[in-house]
Amino acid sequence: IQKELMEPEAGTNRTAVAEFILLGLVQTEKMQSVVFVLFLFAYLVTIGGNLSILAAVLVEPKLHTPMYFFLGNLSVLDVGCITVTVPATLGRLLSHKCTISYDACLSQLFFFHLLAGMDCFLLTAMAYDRFLAIYRPLTYSTRMSQTVQRMLVAASWACAFTNAVTHTIALTTLNFCGPSVINHFYCDLPQLFQLSCSSTQLNELLLFVAAAFMAVVPLVLISVSYAHVVAAVLQIRSAEGRKKAFSTCGSHLTVVAIFYGTGVFSYMRLGSVESSDKDKGVGVFMTVINPMLNPLIYSLRNTDVQGALCQLLVGKRSLT
């Protein structure tokens with residue numbers, strides 16, 4: 001299955017891997033059928049759920065606020081995140097072909113880190129929005145104007161793009177001479193580092209620095225924002241007011257906890273052990289379960305979203 005190329009380098013020949021073999025989640029044909037059905041179901045639910053929330057945000061005037069503007073962007077990210085990995089996995093399960101070309105592997109890695117990085121910054125922007133709305137309500141409308149919202153999203157895309165391009169270019173400097181077997185169902189940096197026949201120290205250092213900038217800094221900002229939010233909410237005398245304020249933040253904190261929990265497990269274990277089934281489980285959580293859960297988390301705790309979704313379902317409103 002593996003295809004190899006002979007390339008001259010400094011007067012000598014070296015073998016370059018042109019394809020990688022993705023072992024996937026399971027090996028038996030019966031279990032592959034089960035995984036196919038589960039992944040297809042998860043993909044359809046995720047696409048339907050996130051596009052429904054996006055449609056509700058676009059159609060319902062009550063949802064034309066900064067919080068829901070960011071939520072709509074998060075829905076787009078969730079659709080992109082699951083689309084980067086799941087359709088290709090479904091295709092391999094159907095065709096029983098477990099190979100992925102070097103270029104396709106790099107492309108998948110680039111888009112995965114682009115969308116995951118964007119997720120980090122967007123969750124931070126959402127925390128900042130809640131901070132302003134609850135801790136600085138009198139100046140909220142001016143500090144979180146449409147221009148500010150668009151600037152925050154544009155800056156998030158720019159930082160995420162820079163991060164993804166940097167990792168992708170850095171990976172092209174590594175030599176892959178074989179073996180070419182990836183014990184996972186998609187291409188990611190930790191698994192590719194293990195296959196490189198050249199030093200990955202610089203790449204791992206780059207990933208560590210990027211993780212500090214892309215994960216630790218946003219997490220600190222989110223924590224500081226919500227510390228101020230909690231302090232402000234506790235000063236509200238009305239129990240109903242406190243409940244409403246906490247409910248608007250609870251969904252976001254749940255998403256943050258799940259996203260960062262799985263991310264830390266994936267990237268803080270570099271070089272410790274070889275890829276295992278535990279890594280695959282975390283990968284499923286990051287790329288399949290998270291995007292599927294987000295619409296449920298936000299809609300189950302939010303009466304405004306529920307109302308807009310009901311109106312869409314019964315046909316009282318339609319996109320024009």
Side-chain angles (χ1 to χ4, degrees), residues 1-3 17-29 31-40 42-43 46 80-117 119 164 167-168 170-172 174-197 200 203-204 206-207 210-211 215 258-259 261-292:
I1 302 175
Q2 182 181 353
K3 180 183 177 181
V17 172
E19 287 184 337
F20 294 105
I21 300 171
L22 289 168
L23 292 183
L25 291 171
V26 293
Q27 303 302 314
T28 62
E29 191 168 332
M31 287 304 298
Q32 286 178 349
S33 300
V34 173
V35 170
F36 178 86
V37 172
L38 291 176
F39 267 40
L40 180 61
Y43 185 68
T46 302
C81 188
I82 197 170
T83 301
V84 167
T85 56
V86 169
T89 302
L90 293 175
R92 283 190 292 272
L93 288 170
L94 272 181
S95 64
H96 300 288
K97 181 183 177 183
C98 55
T99 59
I100 182 171
S101 70
Y102 176 81
D103 291 337
C105 190
L106 283 186
S107 297
Q108 188 178 61
L109 182 141
F110 168 78
F111 284 107
F112 175 74
H113 280 269
L114 172 67
L115 296 170
D119 234 329
H167 284 308
T168 306
L171 194 68
T172 61
L174 299 180
N175 295 327
F176 296 95
C177 316
S180 59
V181 178
I182 299 175
N183 187 21
H184 217 303
F185 66 98
Y186 65 91
C187 293
D188 201 5
L189 292 172
Q191 290 74 35
L192 290 171
F193 288 168
Q194 292 169 5
L195 297 182
S196 174
C197 55
T200 61
N203 298 75
E204 291 187 21
L206 181 65
L207 182 57
I258 295 173
F259 178 78
T262 53
V264 166
F265 188 90
S266 292
Y267 297 107
M268 293 303 165
R269 301 167 63 245
L270 284 175
S272 57
V273 291
E274 292 187 0
S275 297
S276 63
D277 291 338
K278 198 177 292 185
D279 296 301
K280 295 180 185 179
V282 175
V284 171
F285 218 95
M286 285 186 68
T287 63
V288 182
I289 297 178
N290 275 7
M292 183 174 65

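For reference, positions follow the sequence shown, starting with 1.
- One distance of note links OG1 of Thr168 with NE2 of His113; it measures 7.5 Å at 0.5 Å rounding.
- Scanning all heavy atoms of the two residues, the minimum distance from Gly80 to Leu115 falls at C-CD1, 3.3 Å.
- Rounded to the nearest 0.5 Å, atoms CD (Glu19) and SG (Cys98) are 9.5 Å apart.
- Closest of all the heavy-atom pairs between Ile100 and Ala104 is CG1-CB, 3.7 Å.
- Contact detail for Lys97 and Thr99: the closest heavy-atom pair is CE-OG1, 3.0 Å.
- Judged by distance alone, with hydrogens and angles left aside, the side-chain atoms of Lys280 form no donor-acceptor pair with the main-chain N or O of Asn183 at under 3.5 Å.
- Below 30°, between 30° and 60°, or above 60°: for Phe176 and Phe20 the angle between ring planes is above 60°, a perpendicular geometry.
- Atoms CG and SG, from Leu171 and Cys105 in turn, are 7.5 Å apart once rounded to the nearest 0.5 Å.
- His167 and Asn203 share no donor-acceptor pair across their side chains, judged by distance under 3.5 Å alone.
- Applying the 6.0 Å contact sphere to CD of Gln27 captures more than 12 heavy atoms from other residues, nucleotides or ligands.
- For Thr46, there are no side-chain hydrogen bond (donor to acceptor under 3.5 Å, both in side chains) partners two or more places apart in sequence or in a different chain.
- Residues Leu109 and Tyr186 fail the side-chain proximity criterion, which asks for heavy atoms closer than 4.5 Å.
- Expressed to the nearest 0.5 Å, how far CG of Asn175 lies from OG1 of Thr200 amounts to 12.0 Å.
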Show the atom names and distances, to 0.1 Å, of all donor-acceptor pairs under 3.5 Å that link a side chain in residues 81-92 to residues at least two apart or in another chain.
unit_1 : atom_1 : unit_2 : atom_2 : d
Thr83  : OG1    : Tyr43  : OH     : 3.2
Thr83  : OG1    : Val79  : O      : 2.6
Thr89  : OG1    : Thr85  : O      : 2.9
Arg92  : NH2    : Phe185 : O      : 3.0

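- Nearest heavy atoms, Gly283 versus His184: CA-CE1, 4.1 Å.
- Residues Leu174 and Ser196 share a closest heavy-atom pair of CB-OG, 3.7 Å.
- Going from atom CG of Leu22 over to atom CD1 of Ile182 covers 5.0 Å, rounded to the nearest 0.5 Å.
- The environment of Phe36 atom CZ is dense: over 12 non-hydrogen atoms of other residues, nucleotides or ligands sit within 6.0 angstrom.
- Using a 4.5 Å cut-off on side-chain heavy atoms (C-beta onward), Leu93 and Phe39 make no contact.
- Note that the OH atom of Tyr102 and the OG atom of Ser107 stand 10.5 Å from one another [nearest 0.5 Å].
- Among all heavy-atom pairs drawn from Ala170 and Leu206, the shortest one is CB-CD2, 3.7 Å.
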